[in-house]
Chemist: 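Have a look at this one.
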Amino acid sequence: LNEVEGLTLKGKIKVPYTWSVGEVGSRFLIAIRDEKKILANRCSSCGTVYVPPRKTCGSCFKDIDDDHWMEVATEGTVTAYTIVRYESPVQPVKPPFAYAVIKLDGADVGFVHIIKDDIDKLKNGVRVAARFKDNGTGHILDIDSFVII
């Protein structure tokens, strides 16, 4: 038998991809883009309010129907965060900035977004408000960032 020597090539592969957010995600992003509103949906079985909205409840695994959409506040509370100080091509903005889990008023779960200003004042429990872009494109970053209030 002939032995074959293994070859290792070190490098980085960039794999850009896109996917559909579906009907639920589209409704959420369109409301942000067109109305500067943040929508949620509520499970009719357990009552959990989700931002971003979901098709299926993560608590009781029931489908969430179209009758249970609601608007939530554009203000909320930071429940966790991390400060980013090093640049990477996959990050949405240049450092320094923070990724934060934000529980909006009226929601039961938090969602991740960014905070760009006053990150030295950031701590768990701080109140923040959404800052929307003037001209949205139907992307989660139509909420430019959250600001400490």
Chemist: If the test is side-chain contact (heavy atoms from CB on, under 4.5 Å), which one of V51, N41, V21 qualifies with F28?
Modeler: V51
Chemist: Do V49 and V24 sit in the same hydrophobic cluster, where Ile, Leu, Val, Met, Phe, Trp and Tyr count as joined when their side-chain heavy atoms come under 4.5 Å apart?
Modeler: no
Chemist: Measuring from atom CE of M70 to atom CG of L39, what distance do you get when rounded to the nearest 0.5 angstrom?
Modeler: 10.0 Å
Chemist: With side chain to side chain contact (heavy atoms under 4.5 Å, CB included) as the test, would you mind laying out the steps for I64 and C57 before giving the verdict?
Modeler: CA-CA 6 Å; I64 301 175; C57 179; 4.2 Å; yes
Chemist: Kindly say whether L141 contributes a backbone atom to a donor-acceptor pair with the side chain of K133 at under 3.5 angstrom?
Modeler: yes
Chemist: Applying side-chain hydrogen bond (donor to acceptor under 3.5 Å, both in side chains), which residue pairs with at least one partner in residues 69-85 are found, sequence neighbours left out?
Modeler: T77-R127
Chemist: According to a 4.5 Å side-chain heavy-atom criterion applied to Ile, Leu, Val, Met, Phe, Trp and Tyr, with indirect links allowed, do Y50 and L29 form part of one hydrophobic cluster?
Modeler: no
Chemist: Could you state the interatomic distance from CZ (R54) to OG1 (T48), rounded to the nearest 0.5 Å?
Modeler: 9.0 Å
Chemist: Hey, does the side chain of D142 reach the backbone of H139 with a donor-acceptor pair shorter than 3.5 angstrom?
Modeler: yes
Chemist: Is a salt bridge present between R131 and D144, judged by a nitrogen-to-oxygen distance below 4.0 Å?
Modeler: yes
Chemist: For residues V112 and F146: do they belong to one hydrophobic cluster (side chain heavy atoms under 4.5 Å, members Ile, Leu, Val, Met, Phe, Trp, Tyr)?
Modeler: yes
Chemist: List the residues meeting side-chain contact (heavy atoms from CB on, under 4.5 Å) with K121, not counting sequence neighbours, and say none if there are none.
Modeler: D118, I148
Chemist: With clusters defined by side-chain heavy atoms of hydrophobic residues (ILVMFWY) lying less than 4.5 Å apart, directly or transitively, does I114 cluster with L104?
Modeler: yes
Chemist: Among the clusters formed by ILVMFWY side chains lying less than 4.5 Å apart, do I83 and I102 turn up in the same one?
Modeler: yes
Chemist: Is H113 reaching over with its side chain to a backbone N or O of A130, donor-acceptor style, under 3.5 angstrom?
Modeler: no
Chemist: Any side-chain heavy-atom pair from I143 and I32 closer than 4.5 angstrom?
Modeler: yes
Chemist: Go through the steps for E35 and F132 under the test side chain to side chain contact (heavy atoms under 4.5 Å, CB included), then give the verdict.
Modeler: CA-CA 10 Å; E35 303 173 52; F132 294 90; over 6 Å; no
Chemist: Tell me, yes or no, whether the heavy-atom count around E23 atom CD, taken from other residues, nucleotides or ligands under 6.0 Å, exceeds 12.
Modeler: no
Chemist: Mind running side chain to side chain contact (heavy atoms under 4.5 Å, CB included) on C60 and C43 for me, showing each step along the way?
Modeler: CA-CA 9 Å; C60 67; C43 175; 3.5 Å; yes
Chemist: Testing the basics here: between I119 and P96, what is the closest heavy-atom pair and its distance to 0.1 Å?
Modeler: CD1-CB, 3.5 Å
Chemist: Do the side chain of E87 and the main chain of V93 share a donor and acceptor less than 3.5 angstrom apart?
Modeler: no
Chemist: Is the closest side-chain heavy-atom distance between V78 and L122 below 4.5 Å?
Modeler: yes
Chemist: Within a reach of under 6.0 Å around CG of N135, are more than 12 heavy atoms found that belong to other residues, nucleotides or ligands?
Modeler: no
Chemist: Can you give me the closest heavy-atom contact between A129 and I149, atom names plus distance?
Modeler: CB-CG2, 3.7 Å
Chemist: Can you tell if the side chain of S145 reaches within under 4.5 Å of the side chain of F97, non-hydrogen atoms only?
Modeler: no
